[in-house]
Amino acid sequence: MEVASGVAAPEPGEIRALKQCLLRRNKSREQHGVAASCLEELREKACDILAIDKSLAPVTLVLAEDGTIVDDDDYFLCLPANTKFVVLAGNEKWTHNSDGGTAWITQESFDRDETDSGVGMKWKNVARQLKEDLSSIILLSEEELQMLIDVPCSELAQELGQSHVAVQGLQNTLQQVLDQREEARQSRQLLELYLRALEKEGGILSKQQESRADLGDERDAVDTGVRESSSKVMPASQILLALKEKPAPELSLSSQDLELVAKEDPKALAVALNWDIKKTEAVQQACDQELSLRLQQVQSLRSLRSISARTSSLPGDMENPKRTRRDPM
C-alpha cells in the first residue's frame, strides 16, 4: 500500500514538533532511535545513521509493520511516536521481519552462496552425529542422507575412524533408508489417488485421516536427546520449497525441520505457503506424525542395543551353570 505523495517542507520560520521514530534497514533487526520534524529530515538522518549512500536514490521510508510507503508529511505527522520504519535504498523491496517466532518463514536464505568449505563442514557435522549415535540415521533429512552417500568413501572413513569396508556398508544402508522413503512416498501417492477415485464415485469416505488420527493417539513423548544436532539447520527457504514441491514432504525433512513445521502457527505458515488453512494443518499433522514415528524407532533401537549389551556381559560363572552334585553319602 502506498500513501500518495504530497511532501510539504516546513515554511521558513515555521517550528514543527519533533517526532520520535525507530529506523532499521531491510532484513536487519538492529534499530536506531531518531527524532525528526518532517520526512525529508527523517530521510537525511536515516542515510547518515544507517550509512546509506545518497546516490542510491530513491531512499524510501516504509512502515515496518506492513510495508506501507510513507511519502506524505501530513500522514507522517499523524503517526504515533516511536513508529517503526524500514529504510529502502534503490530497488530494494520490503520483506517482513517478524519477532514473534515465525521469522524462519520469511527470512531470506543467505546461505545459498555457501563456499565449498562450508558444504564440507556440513557433511562432517552430520557424520559426527552418526559417529555418536548410529540410530540418528532415522532422524536425518533426505538431503543429509544423500550428502553422506555422495561423500567419497575414503574421506568418510577417515572422519568416522572406520575401515573402508565398514563405511561402504554404512553408505549402502543410507541408500536403503533413502529408497525406503521414496517407496513410502510413492505408496502414499497411490493411496491418495485411489481414495480420490472412491470419493468421485460416491464410495466410502477416505480413511486416511482416521489412520493418521490413530497414529497420533499412540504417540509417546520420547526425549531422545538427539534433537540438538550439531549439524546446521536447513535454511527456511528450503523447508518451504520442500513443503510446496515435494509429494509427502514430511519424508524429505529432517526431524528438526519436522518439529519446526509442526509447532509453527498454522495461519502464519498458510500465508507463507499461499495455502488454505485446512491444507496447511493437514501437512503439519503429517509432519508431527512422521516425527513421532521416527522417535519411536530410535527408542526401539536403543532399547534393543541396551538389551544386547546386557546379554553379552553376563557374569563368568553363568557360562558354566552346571555344577558337580555332591554325593549325599
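The chain is numbered in sequence order, starting from 1. Given the structure is predicted, the values throughout are model-derived calculations rather than measurements.
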Candidate list E144, E143, K131, test side chain to side chain contact (heavy atoms under 4.5 Å, CB included), partner V126, passing option: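 For V126, the side chain to side chain contact (heavy atoms under 4.5 Å, CB included) test succeeds with only one of E144, E143, K131, which is E144.
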What residues, two or more places apart in sequence or in another chain, satisfy side-chain hydrogen bond (donor to acceptor under 3.5 Å, both in side chains) together with [X]?
X: N91; answer: none
X: D53; answer: S55
X: R185; answer: E142, E182, S252

Could you tell me if the side chain of V86 sits less than 4.5 Å from the side chain of L61, heavy atoms only?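 SC-SC contact between L61 and V86 ruled out.
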Taking side chain to side chain contact (heavy atoms under 4.5 Å, CB included) as the definition, give me every residue that meets it alongside [X], ordered by chain and number, with sequence neighbours left out.
X: E155; result: W123, V151, P152
X: P58; result: T60
X: Q162; result: L160, A166, V167
X: D150; result: Q146

Which residues satisfy the salt bridge (charged side-chain N to carboxylate O under 4.0 Å, His left out) test with K267, sequence neighbours excluded?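 Listed in chain order: nothing, the list is empty.
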Could you pull out all residues at least two apart from E92 that satisfy salt bridge (charged side-chain N to carboxylate O under 4.0 Å, His left out)? R25
Do any pairs count as a salt bridge (Lys or Arg N to Asp or Glu O under 4.0 Å) and have a residue in residues 158-176, sequence neighbours left out, and if so which ones?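 Those involving residues 158-176 are R128-E159.
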